[in-house]
Amino acid sequence: MTAFPREAFPRLRGEKRRPALAAAAAFLFALPAFAADIPLPDRRSGYAFMGPDTRAMQDDDTQNPATLAVLEGEALWARKAGAAGRACADCHGDARESMTGAAARYPRFDDASAGPIDLEGRIMQCRARRQEAPPLARESRELLALSAFVARQSRGLPVADAVAADARLAPFLERGRALFRRRQGQIALSCAQCHDDNWGKSLAGNAIPQAHPTGYPLYRLEWQSVGSLQRRLRNCMIGMRAEPYAYGAPEYLDLALYLAWRARGMTMEAPAVRP
Amino acid sequence: MLARNPWQRLARGHPSRRPKRAAPQDEAIVCSAKKSLILRCPRAFARASKDGCILGAAIAALAFATDARAQESLAPYAVVGDGIPASLTGVPGDPARGRAIVANRQVGLCILCHSGPFPEIRLQGDLAPDLRGAGRRWSEAQLRLRIVDTRRLNPDSIMPPYYRIDGLERVAAAWRGKPILTAAQIEDVVAYLLTLRDGP
């Protein structure tokens with residue numbers, strides 16, 4: 001990957017290097033360092049950290065491999081399924097109208113689970129309850145296709161502030177924030193230490209993005225497939241040598257809610273492409 | 001274009017690596033501030049932090065694992081001032097092996113964050129100071145503590161604690177109860193870093 005010019009990005013915090021003599025003081029007086037949030041105007045999509053080839057791939061639907069998932073999702077949208085014999089379209093009509101901006105409002109509060117639910121979770125719920133069809137597994141081709149198709153209807157729209165719209169989400173947002181700032185795994189790093197404190201820097205040549213969820217589900221060259229945000233979070237946890245949560249775990253939903261809040265107002269770009 | 005992705009490879013490595021020595025459970029920590037010795041205690045960290053002595057609040061807030069058996073696989077070592085003067089293995093490390101560890105992003109992980117005199121490695125990190133000159137800037141004892149557990153000096157550091165198995169959260173099963181590097185590997189790395197005398 002071509003490194004993105006760092007000068008383009010004002011650094012949130014200065015270099016954290018401490019001279020040797022200060023170490024003794026740090027020893028005694030160290031205070032908890034809370035990563036500061038990235039100032040709103042400094043936020044950048046992962047797109048900004050990509051090379052020109054990968055950007056071009058995202059920009060052109062005919063080159064973006066996730067387009068296949070969108071097309072498959074469109075077909076599934078119209079296909080009757082389950083004991084109810086209903087298609088998504090039978091309840092929701094033309095997704096191009098009814099689903100405009102829907103993905104930009106997720107995760108939302110779900111009465112059934114009394115907690116946040118993500119777009120994939122909602123699709124799974126509709127499938128089970130309203131179509132009475134066999135469940136779709138997380139990361140299954142069908143679920144990724146449907147969520148890519150629905151998310152596509154929000155492209156270009158701003159990420160909504162779901163928490164401002166529904167105060168019941170507030171405690172889950174705080175849980176997500178705490179998870180984001182907790183050191184985990186054998187290498188004992190937090191999400192925030194990479195994505196708030198060191199974004200734009202090079203992790204052995206890999207630009208560290210700010211971890212915005214605006215492009216998901218997306219096509220990742222490393223995966224050679226389309227994947228969800230939860231798959232991405234799982235990858236980062238494996239990188240941290242931390243035990244990943246199970247797909248659908250409340251921790252991922254809390255994190256996804258926090259990431260969406262952190263990206264509020266940013267532009268939806270799903271299905272994106274990432275290296 | 002397929003990006004080579006060191007970050008995802010970080011998780012791979014040598015899950016079967018185990019420290020060679022099963023050492024008794026004593027850990028000696030000298031608190032440089034009070035010049036007191038907090039000794040022979042599997043929970044020395046927790047106690048030290050209660051003393052307000054060694055660890056900052058950020059770290060103290062973590063739940064410390066108190067599984068003494070897990071601790072047993074680490075060789076005991078004594079922190080004196082801001083270093084660990086004695087070799088963890090009792091013998092000096094091998095600089096050539098140390099270089100291989102440092103340069104290997106799955107084993108040492110160092111060059112994910114650091115750069116150094118590795119002309120053969122195209123992609124190096126810029127999250128941390130260049131390693132060139134480290135052997136001039138720091139003593140052997142200081143380097144050893146920085147690798148073993150640099151957070152004893154700077155609780156906010158992003159540099160992983162290489163010889164520590166407690167106080168960590170949600171460590172993946174393959175790595176649980178194992179330090180990132182063995183005592184012998186750390187000695188090799190220290191021996192290599194000491195050779196890095198030129199540079200900034």
Side-chain angles (χ1 to χ4, degrees), chain A residues 1 3 6 15-24 26-35 50-51 53-54 57 181-190 193-194 197-198 200-208 220-224 235-245 251 274-275, chain B residues 1-11 13 31-33 52-62 81-82 105 109 111-113 121-129 137-138 142 151-158 160-161 164-165 167-176 178-180:
Chain A
M1 293 292 347
R6 281 217 277 127
E15 303 289 319
K16 288 187 69 187
R17 183 172 178 176
R18 277 170 208 258
L21 285 177
F27 218 79
L28 289 173
F29 303 118
L31 291 167
F34 290 117
M50 306 192 315
D53 297 357
T54 322
M57 205 183 250
R181 292 181 174 174
R182 182 164 82 193
R183 288 183 187 256
Q184 296 192 64
Q186 193 194 37
I187 64 169
L189 282 174
S190 72
Q193 284 176 308
C194 281
D197 297 351
N198 284 295
K201 290 203 186 171
S202 152
L203 194 68
N206 255 40
I208 301 179
R220 199 158 139 67
L221 296 166
E222 170 93 7
W223 297 335
Q224 300 208 28
N235 273 213
C236 277
M237 292 198 65
I238 289 172
M240 293 149 79
R241 297 185 175 178
E243 193 66 46
Y245 307 107
E251 286 87 351
R274 291 288 181 271
Chain B
M1 173 193 51
L2 284 181
R4 293 178 350 120
N5 194 334
W7 170 224
Q8 291 313 326
R9 288 195 198 117
L10 204 149
C31 172
S32 66
C53 177
I54 289 199
L55 300 166
I59 293 268
L62 294 174
D82 70 344
R105 50 179 64 150
L109 318 175
I111 51 162
L112 286 174
C113 296
I121 300 173
R122 200 167 53 90
L123 299 175
Q124 307 183 20
D126 69 357
L127 271 69
R137 285 190 295 275
W138 307 99
Q142 287 173 321
R151 288 167 198 190
R152 294 194 184 195
L153 301 169
N154 171 12
D156 301 335
S157 180
I158 57 168
R164 174 159 180 180
I165 53 183
L168 305 172
E169 281 192 56
R170 269 197 96 79
V171 177
W175 308 103
R176 217 167 287 152
K178 296 168 195 164
I180 302 173

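Lettering follows sequence order; numbering is per chain, from 1. All values below come from the heavy atoms of this structure, side chains included, with hydrogens, waters and symmetry mates left out. None of these values were measured; they are calculated from a predicted model.
In this structure, CZ in B:R170 is found 10.5 Å from CE in A:M240, a value given to the nearest 0.5 Å. Interatomic distance, CD1 of B:I158 versus CG of A:D197, reported as 8.0 Å (0.5 Å rounding). With rounding to the nearest 0.5 angstrom, the CG atom of A:N206 is 8.0 Å from the CG atom of B:L123.
Top candidate by heavy-atom pairs under 4.5 Å with chain A, chosen from B:P160, B:A172, B:A173, is B:A172.
For B:P161 against A:I187, the heavy-atom pair with the smallest separation is CD-O, 4.1 Å. Taking each heavy atom of A:R183 and B:E169 in turn, the nearest pair found is O-CB, 3.7 Å.
Between the side chain of B:D126 and the backbone N or O of A:S202, at least one donor-acceptor pair lies under 3.5 Å. Of the possible polar contacts, one joining the A:Q186 side chain to the B:K178 backbone as a donor-acceptor pair under 3.5 Å is found.
Counting heavy atoms from C-beta on, the side chains of B:L168 and A:R241 never come closer than 4.5 Å.
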